[in-house]
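Worksheet: the structure to be examined is printed underneath.
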There are 2 protein chains.
Amino acid sequence: MGVAERKAREKEELRDLILRAARKLFTENGIEQTTIRNIAEAIDYSVGTVYVYFRNKDAILHALHSQGFGMLASYFSVLASVADPMERLRAMGRIYIKFGLENRDMYELMFSTKAPMTFLCATDQPEWDEGKATFTALSSTVAQCLEAGHFAGHSLQPLSFMFWSLVHGMCSLEISQRTQGVNLTDPSAIVDQAYTEFLKLLDHF
Amino acid sequence: MGVAERKAREKEELRDLILRAARKLFTENGIEQTTIRNIAEAIDYSVGTVYVYFRNKDAILHALHSQGFGMLASYFSVLASVADPMERLRAMGRIYIKFGLENRDMYELMFSTKAPMTFLCATDQPEWDEGKATFTALSSTVAQCLEAGHFAGHSLQPLSFMFWSLVHGMCSLEISQRTQGVNLTDPSAIVDQAYTEFLKLLDHF
DNA sequence: TTTTATTTTGAACGTTGTTCATTTTATTTG
DNA sequence: CAAATAAAATGAACAACGTTCAAAATAAAA
């Protein structure tokens, strides 16, 4: 009976091997170099083997996208030490932006690329667990801000989504290269400046 | 001497024909159905002919992206009648969102897809005229708000970019299907609700 | 009419994601 | 241990993609 367990473990190991190769290709050369053939070649297996362990490319991209949320969580881990909810909210945005700009391809995969969502829809599982958890983390911080008397008269979910949209918009525009060629005084600093500007607005609440 | 002129006109006409077919395929079936072969087939020309009039696919997508900015400008045209800069700023955001959600594929092409920017870089023309014009339109409205005494102590460019990021973030998250599966009370209304929430924040400035 | 210039063609190339009959390897059974 | 069975790995093949380019078709000029 130890055989079935070993088989299962070996299956899991090869799955991980594929994923590690995919991740390496992905982080080093971007998504366009992350092809099934490149992955297979990197681990000395055939193309067909990859399809034994993953239904299709979307499944691989979804797995990578999940790893990305693990990375984001570790970025967020320092927030535990920030007691004041407003301060934590501010720090959360900074860290989110930092993560996005330090892991551009990964960020794109997590929040822009359609593949991970397509994969979820294809598996009839309309629950985006990783996104849900992250949004909940933001939302609970905002809830604490509301409880502390900030943002009087505002609703939790729309307010939280507004914060998310703001930092996501900055990352997205920067990553998709929309900040260049718009005649900004300092294109490379605009995201930081704009977020600082937003924090100034927040001082009134 | 009329020959050269007619030739030039015919060349322009075929170019437009290609572009119209591309646009039709694009708006009706999305970007994935807009292939060179589909375009060529739609106008009863061969694949090679398309490449006589456009360097590559990025060039076609860039031309479509430019048309998108024309559409956005016509959405914005009603803003001319709004005298108060703050009110115009608010309306601008609403219209921007409306445009984005009513023309999702086009919006993606204009503000997310890399192709149009790649095309610009390839032609050694680092000026994104369409984006520049649109950002300037926003920026000048924000400038008028500043002159009217709003947003005291804030800087023009970062503040403008912050507004842009906010509405872009909402459109982007919605279009890339990140608002579904996050356990929102009303996913379909979250963008409107969040923007309304933002307008409430603006009331203090 | 012949020569030259322009425009159009579509087969061909290299990639891509994906499939699946076949082979190889491992396990179980007699 | 050998034969039968199950599982895993293979890689050729398919369709579709963007792209190229020598050749053919057409138009203009001589």
Side-chain angles (χ1 to χ4, degrees), chain A residues 1-19 21-22 25-26 29-65 109 113-119 121-123, chain B residues 1-19 21-22 25-26 29-64 109 113-116 118-119 121-123:
Chain A
M1 56 205 66
V3 176
E5 294 161 6
R6 199 200 62 218
K7 285 255 177 181
R9 199 191 57 226
E10 283 175 356
K11 247 184 121 87
E12 192 61 34
E13 278 172 1
L14 185 43
R15 209 187 127 94
D16 275 12
L17 188 65
I18 293 171
L19 229 45
L25 287 167
F26 182 77
N29 311 106
I31 199 169
E32 71 279 358
Q33 291 299 325
T34 310
T35 70
I36 306 288
R37 280 177 178 81
N38 283 347
I39 295 170
E41 192 184 5
I43 59 174
D44 290 317
Y45 273 87
S46 73
V47 211
T49 304
V50 178
Y51 279 89
V52 175
Y53 294 85
F54 291 93
R55 168 196 306 237
N56 54 22
K57 194 182 182 183
D58 283 356
I60 297 177
L61 292 180
H62 177 267
L64 288 179
H65 130 288
L109 184 59
T113 310
K114 292 230 171 85
M117 300 296 116
T118 306
F119 172 77
C121 290
T123 57
Chain B
M1 58 203 69
V3 176
E5 294 161 5
R6 199 200 61 215
K7 288 256 177 183
R9 200 191 56 226
E10 284 176 353
K11 245 183 122 84
E12 191 61 35
E13 278 172 1
L14 186 43
R15 207 187 129 93
D16 275 12
L17 188 65
I18 293 171
L19 229 46
L25 288 167
F26 182 77
N29 311 107
I31 199 169
E32 71 279 358
Q33 291 300 326
T34 310
T35 70
I36 306 288
R37 280 177 179 81
N38 283 348
I39 296 170
E41 192 184 5
I43 60 174
D44 289 317
Y45 274 87
S46 71
V47 212
T49 304
V50 178
Y51 279 89
V52 174
Y53 294 84
F54 291 93
R55 168 195 305 237
N56 53 23
K57 195 182 181 184
D58 284 356
I60 298 178
L61 291 180
H62 176 267
L64 288 179
L109 184 59
T113 311
K114 294 231 169 82
T118 307
F119 173 78
C121 288
T123 57

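Here the structure is a predicted model, which means the values were calculated and not measured. Just so it is clear: chains get the letters A, B, ... in the order the sequence lines come, proteins before strands, and each one is counted from 1. Computed from heavy atoms alone, side chains included, the values below leave out hydrogens, waters and symmetry copies.
When rounded to the nearest whole Å, the span between CG of A/Asp58 and P of C/dT16 equals 16 Å. Counting to the nearest Å, the C1' atom of C/dT16 and the CG atom of A/Leu61 are 13 Å from each other. The CZ-P distance, from B/Arg37 to D/dA16, rounds to 10 Å in whole Å. Atom-to-atom, CD of B/Glu41 to C1' of D/dG18 comes out at 16 Å; the value is rounded to the nearest Å. The distance between atom OH of A/Tyr51 and atom P of C/dT18, rounded to the nearest whole Å, is 4 Å. For the pair B/Gln33 CD and D/dG18 P, the interatomic distance rounds to 11 Å; values are reported in whole Å. Protein atom CD1 of B/Ile31 is 14 Å distant from nucleotide atom C1' of D/dG18, rounded to whole Å. When the P atom of C/dT16 is taken as reference, atom CG of A/Asn56 falls 17 Å away, rounded to whole Å.
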For this session: Dump the intermediate steps for side-chain contact (heavy atoms from CB on, under 4.5 Å) on A/Tyr45 and A/Leu14, then the final yes or no.
Result: CA-CA 10 Å; A/Tyr45 273 87; A/Leu14 185 43; 3.8 Å; yes
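Along DNA chain D, the nucleotide nearest B/Glu10 and the nucleotide nearest B/Asn38 are compared for position; the residue whose nucleotide lies closer to the 5' end is B/Asn38. Checking A/Arg55 against A/Glu32, the closest nucleotide of DNA chain C that is more toward the 5' end is the one next to A/Glu32.
Of the possible polar contacts, none joining the A/Asp58 side chain to the A/Phe119 backbone as a donor-acceptor pair under 3.5 Å is found. With B/Lys57 contributing its side chain and B/Thr34 its backbone, the two residues share a donor-acceptor pair below 3.5 Å.
Taken from CG in A/Asp44 to OG1 in A/Thr49, the straight-line distance is 11.0 Å, to the nearest 0.5 Å. Rounding to the nearest 0.5 Å places CG of B/Asn38 at 8.5 Å from CG of B/Asn29.
Results of the side chain to side chain contact (heavy atoms under 4.5 Å, CB included) test with A/Leu61 over A/Thr118, A/Leu109, A/Asn56 single out A/Leu109 as the only residue that passes.
Between B/Arg37 and B/Glu41, no side-chain nitrogen of the basic residue sits less than 4.0 Å from a carboxylate oxygen of the acidic one, so the salt-bridge criterion is not met.
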Report all interatomic pairs (protein N or O, nucleotide N or O of nucleotides 7-10 of chain D) with separations under 3.5 Å.
| from | atom 1 | to | atom 2 | distance (Å) |
| --- | --- | --- | --- | --- |
| D/dA9 | OP2 | A/Tyr53 | OH | 2.6 |
| D/dT10 | OP2 | A/Ser46 | N | 2.9 |
| D/dT10 | OP2 | A/Ser46 | OG | 3.3 |
| D/dT10 | OP2 | A/Thr49 | OG1 | 2.7 |
| D/dT10 | O5' | A/Ser46 | OG | 3.4 |

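Under the Watson-Crick or G-U wobble criterion, with both distances below 3.5 Å, D/dA30 is paired with C/dT1.
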